[in-house]
Amino acid sequence: MSQKILVTYASRTGATMGVAEEIGKIFTENGAQATVCPMTEVADLTPYDAVVAGSAIQNRQWLPEAVQFLQKHQVELGKRPFATFTVCMTLAMRNGETYRPSVSEWVAPVRKLVQPVSEGLFAGVLDISKIPAMGDRLKFRLSVIFGVWSEGDHRDWEAIRTWANELYPQLIPTHTYG
Ligand SMILES: Cc1cc2nc3c(=O)[nH]c(=O)nc-3n(C[C@H](O)[C@H](O)[C@H](O)COP(=O)(O)O)c2cc1C
């Protein structure tokens, strides 16, 4: 029987959703039955053999609904292979790779709740027109003017696919659960 994997995400402007869909596609290509959906729509983890959860970063943190998802399902997540991915703009900066350790630190609260087998860290998208709050839009316009971040889709699909392909064998459960 094929492996049932949940790929669940918290996304505000769609970038993390796109990453989740790509990861789900890779698992399907590997022969798994992948379900991709927002964390807010997940009621029960018992149908799944493994879970991959990803969030966009806002203000150096996972989104609140993503943290709530982990808190709510902490016990069930601990019984299955679990991995995380994080999507942010810092990794899209000119010298973004040098910030990888800092970005990894933003995931520390997640690690405290459930220990992942792997953590993907990916550059995201800056589409200012999709940011709902006017104050945030202004802040991002200024950061673009000052050259901190640049607008556009910075997702590295090759890096995302490589991570998902390498992750897949780690999602095979090593124990039974009930
Ligand atoms: C209000 C707001 C705050 C953000 N804060 C950060 C941040 O602290 N660090 C960072 O690297 N990116 C930050 N970002 C950039 C997002 O993480 C990035 O645009 C991501 O691709 C958004 O993913 P989503 O489309 O799935 O919501 C922020 C974006 C917004 C709208």
Side-chain angles (χ1 to χ4, degrees), residues 5-28 34-42 45 51-73 77 82-114 116 118-164 167:
I5 307 176
L6 173 67
V7 183
T8 190
Y9 59 85
S11 177
R12 291 286 164 83
T13 59
T16 310
M17 177 178 72
V19 174
E21 284 166 352
E22 190 64 23
I23 293 168
K25 217 166 84 187
I26 295 293
F27 293 160
T28 305
T35 302
V36 181
C37 71
M39 290 184 195
T40 48
E41 286 177 16
V42 180
L45 294 183
V51 178
V52 179
S55 176
I57 289 287
Q58 285 202 355
N59 306 315
R60 302 174 178 205
Q61 292 174 331
W62 265 32
L63 293 173
E65 62 266 35
V67 178
Q68 279 158 23
F69 170 85
L70 296 175
Q71 287 167 337
K72 183 174 169 199
H73 298 286
L77 287 170
F82 168 70
T84 66
F85 64 96
T86 297
V87 178
C88 71
M89 275 303 291
T90 296
L91 292 173
M93 288 166 71
R94 245 192 307 277
N95 49 352
E97 280 307 308
T98 61
Y99 294 106
R100 199 165 269 275
S102 317
V103 173
S104 175
E105 265 313 293
W106 302 343
V107 193
V110 173
R111 242 170 264 143
K112 277 192 194 139
L113 288 168
V114 191
S118 179
E119 297 177 17
L121 305 176
F122 304 117
V125 178
L126 183 57
D127 182 347
I128 295 175
S129 69
K130 284 190 182 165
I131 298 174
M134 202 173 81
D136 288 335
R137 284 201 301 275
L138 183 64
K139 200 175 78 182
F140 279 94
R141 284 220 171 85
L142 288 173
S143 72
V144 168
I145 288 168
F146 288 107
V148 181
W149 288 338
S150 60
E151 270 210 274
D153 188 345
H154 301 274
R155 288 171 295 184
D156 180 344
W157 296 108
E158 212 37 59
I160 292 162
R161 289 185 200 112
T162 301
W163 180 75
L167 170 64

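These numbers come from the heavy atoms of this one structure, side chains and all, not from hydrogens, waters or symmetry mates. Atoms within a ligand are numbered from 1 in the order they appear, just like the ligands themselves.
Summarising the contacts of atom 3 (C) of ligand 1 with Lys130, Gln58, Glu151, His154, the nearest heavy atom is found in Gln58. Taking only non-hydrogen atoms, the option from Arg12, Arg60, Arg137 nearest to atom 8 (O) of ligand 1 is Arg60. When the options Gly18, Gly54, Ala56 are ranked by their closest heavy atom to atom 23 (O) of ligand 1, first place goes to Ala56.
Taking the six-membered ring for Trp and thresholds of 30 and 60 degrees, Phe85 and Phe122 have ring planes inclined between 30 and 60 degrees apart.
In Tyr9, neither the side chain nor the backbone holds a heavy atom less than 4.0 Å from any atom of ligand 1.
When each atom of ligand 1 is checked for a heavy atom of Thr16 under 4.0 Å away, the hits are 23 (O), 24 (P), 26 (O). Ligand-side atoms of ligand 1 in range of Gly124: 21 (O), range being under 4.0 angstrom from any heavy atom. In the vicinity of Thr90, heavy-atom distances shorter than 4.0 Å reach the ligand 1 atoms 9 (N), 10 (C), 11 (O). Here is the list of ligand 1 atoms found below 4.0 Å of a heavy atom in Val87: 17 (O), 21 (O). In the vicinity of Gly14, heavy-atom distances shorter than 4.0 Å reach the ligand 1 atoms 24 (P), 25 (O), 26 (O).
In terms of protein heavy-atom proximity, atom 25 (O) of ligand 1 is nearest to Thr13 OG1, 2.4 Å. The closest protein non-hydrogen atom to atom 14 (N) of ligand 1 is Ile57 O, 3.3 Å. Scanning the protein for heavy atoms near atom 12 (N) of ligand 1, the closest one is Met89 N, 3.3 Å. Counting protein heavy atoms only, atom 29 (C) of ligand 1 is closest to Phe140 CZ, 3.3 Å.
Here CD of Glu105 is found 14.0 Å from CZ of Arg100. Values are rounded to the nearest 0.5 Å. Note: Leu113 CG to Phe82 CZ = 8.5 Å, rounded to the nearest 0.5 Å. Taking CE from Met93 and OH from Tyr99, the interatomic distance works out to 4.5 Å, rounded to the nearest 0.5 Å. Once rounded to the nearest 0.5 Å, the distance linking CE of Met134 with CZ of Arg141 reads 10.0 Å. For the atom pair OG1 (Thr16) and CG (Leu63), the distance works out to 7.0 Å, reported to the nearest 0.5 Å. Here CH2 of Trp106 is found 12.0 Å from CD of Gln58. Values are rounded to the nearest 0.5 Å.
The nearest pair of heavy atoms linking Ser104 to Arg111 is O-NH2, 2.6 Å. Annotation for Val52 and Phe27: closest pair CG2-CE1, 3.8 Å, computed over non-hydrogen atoms. Residues Ser150 and Leu126 come closest through the heavy atom pair O-CB, 4.0 Å. The minimum heavy-atom distance linking Met39 with Trp62 is given by the pair CE-CZ3, 4.4 Å. Heavy-atom minimum distance, Ile26 versus Arg161: CD1-CG, 3.7 Å. Contact record, Gly96 with Leu91: O-CD2, 3.6 Å, taken as the closest heavy-atom pair.
Residue Trp149 has no nitrogen or oxygen atom sitting less than 3.5 Å from a nitrogen or oxygen atom of ligand 1, judged on distance alone. Any N or O atom pair closer than 3.5 Å counts here, and Ala15 shares at least one such pair with ligand 1. In terms of polar-atom proximity, defined here as any N/O pair under 3.5 Å, Val125 does make such a contact with ligand 1. The distance criterion of under 3.5 Å between nitrogen or oxygen atoms is not met by Cys88 with respect to ligand 1. For the pair Trp106 and ligand 1, the shortest N or O to N or O distance does not fall below 3.5 Å. Inclusion of Asn59 in the set of residues having an N or O under 3.5 Å from an N or O of ligand 1 is warranted. Checked by distance only, ligand 1 and Lys139 stay at 3.5 Å or farther apart across all their nitrogen or oxygen atoms. Among the atoms of Asp136, none of the N or O lies under 3.5 angstrom from an N or O of ligand 1. Looking at ligand 1, you won't find any N or O of Leu126 less than 3.5 Å from one of its N or O atoms.
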